[in-house]
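Reviewing the structure listed below.
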Amino acid sequence: MFSQALTARTDSIARHLETVFLFAQNDIRTTLIPVTIFALSAAPKYDPIHAWHAPLWIWFHLLQFNLANQIQDPEEDRKNKPSRPIPAGRISIDSAADMRWVMIPVCLMLSLRYGTQALLASTVFAVFNIWYNELHGDKMGLSKNVLTAIIYGCAEVGGTIAVGSYNSRIDKVGALAVALSSTVFATTLHAQDFKDEEGDRLTGRRTLPTIFPKAARFSMMVGIPLWSFVLSRVWKLDALSTTAFVAYGAYVGTRFVMYDTVGADKQSCKFYSLWFTLSHLLPGYWRFFYGV
């Protein structure tokens, strides 16, 4: 009797943990890994033993964002993303909404452990999360890009601080890295929207690819290699590394113009994610070769 009850309880806990994991599963490749890499590269100094603090801080805030996002339009998810926890029937909308608001004080208390800058990053993250989701800032292409970039920048700040010791702070190099990364993201984020263009048109979501389809694709061909060159100069890459990074950026950007099927856009988005992840290594390159 006891063993059966224990097994049932264990299975229930495991299912709940899996549900929590599924809320942010899709952001592991696009956000958790790149921002963790950024935090380790941009931090002025950190103890390797503390490295796991960065993905922990980032994951809690990703969960906060995804809970807010996925309770907005569960009917759309039921059609387009039925494996998500709510349309899959793993959790009710009301329970997810309760979790969504509980995550704000949870994230703030977690951030308090890392000092005032981390607490400020978490607060700004929560405010713009509300703007993006509850106030529907994601419905317009330009505001979506800007809001997402700000939220992403907050994640970078929090992750970078969490890697350091208690009450650590971001230095000027780290601040420059966050500013550049957020600007790059704001101007290239729509690379992730091309693959969803047809569905966005059906639901009335206004993204740059639905508003300016040709111009948005052309901006990829110009913007990604241009940013590759600018970042290479800012972080003082050697000639060979600069050539390779700019060439890869040109390849990624050109793909969006030459190949415009849904399947090709999905593949191009993966190449873009790799390019953006590589760009997160550049502050670490500078610190290794030029940092004091």
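Keep in mind that this is a model prediction, so the values were computed, not measured. If you read the sequence from its start, that first residue is 1, and numbering goes on from there.
The shortest distance between side-chain heavy atoms of Y114 and L119 does not fall below 4.5 Å. Residues H190 and I211 are not in side-chain contact: their nearest non-hydrogen atoms beyond the backbone lie 4.5 Å or more apart. At least one side-chain heavy atom of T116 sits under 4.5 Å from a side-chain heavy atom of R169.
Distance check, rounded to the nearest 0.5 Å: CD1 of I170 to CG of L176 gives 11.5 Å.
A donor-acceptor contact closer than 3.5 angstrom is absent between the side chains of T188 and W227.
Few gaps surround CZ on F21; more than 12 heavy atoms of other groups in view lie less than 6.0 Å from it. Residue I49 places its CD1 atom among 12 or fewer non-hydrogen atoms of other residues, nucleotides or ligands, all under 6.0 Å distant. Heavy-atom neighbours of F271 CZ from other residues, nucleotides or ligands within 6.0 Å: above the threshold of 12. Other residues, nucleotides and ligands contribute over 12 non-hydrogen atoms within 6.0 Å of the OH atom of Y285.
In this structure, F256 and Y272 have perpendicular ring planes: the angle between them is above 60°, well past the 30° mark. By the 30° and 60° cut-offs, the orientation of the rings of F245 relative to W275 is parallel. Between F276 and Y152, the two ring planes are tilted [angle within 30° to 60°]. Ring pair W57/H61 is parallel by interplanar angle, where below 30° counts as parallel and above 60° as perpendicular.
Taking the ring axis of F289 as reference, the NZ or CZ atom of K236 does not stay both within 45° of it and closer than 6.0 Å to the ring centre.
Nearest heavy-atom pair across R255 and S268 is NE-OG, 2.9 Å. Closest approach of A96 to I91, counting heavy atoms only: N-CD1, 3.8 Å. Scanning all heavy atoms of the two residues, the minimum distance from K144 to D193 falls at NZ-OD1, 2.9 Å. When all heavy atoms of S111 and S122 are compared, the closest pair comes out as OG-CB, 3.1 Å. Taking both residues in full, the closest heavy atoms of S279 and L231 are given as CB-CD1, 3.9 Å, listed atom of the first, atom of the second, then distance. Closest approach of I71 and I93 over heavy atoms only: CG2-O, 4.3 Å.
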For residues 28-38, tabulate all N or O donor-acceptor pairs below 3.5 Å that involve a side-chain atom, not counting sequence neighbours.
{"unit_1": "R29", "atom_1": "NH1", "unit_2": "S273", "atom_2": "OG", "d": "3.4"}
{"unit_1": "T30", "atom_1": "OG1", "unit_2": "D27", "atom_2": "OD1", "d": "3.4"}
{"unit_1": "T36", "atom_1": "OG1", "unit_2": "L32", "atom_2": "O", "d": "2.7"}

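With sequence neighbours excluded, no residue forms a side chain to side chain donor-acceptor pair (under 3.5 Å) with Q25.
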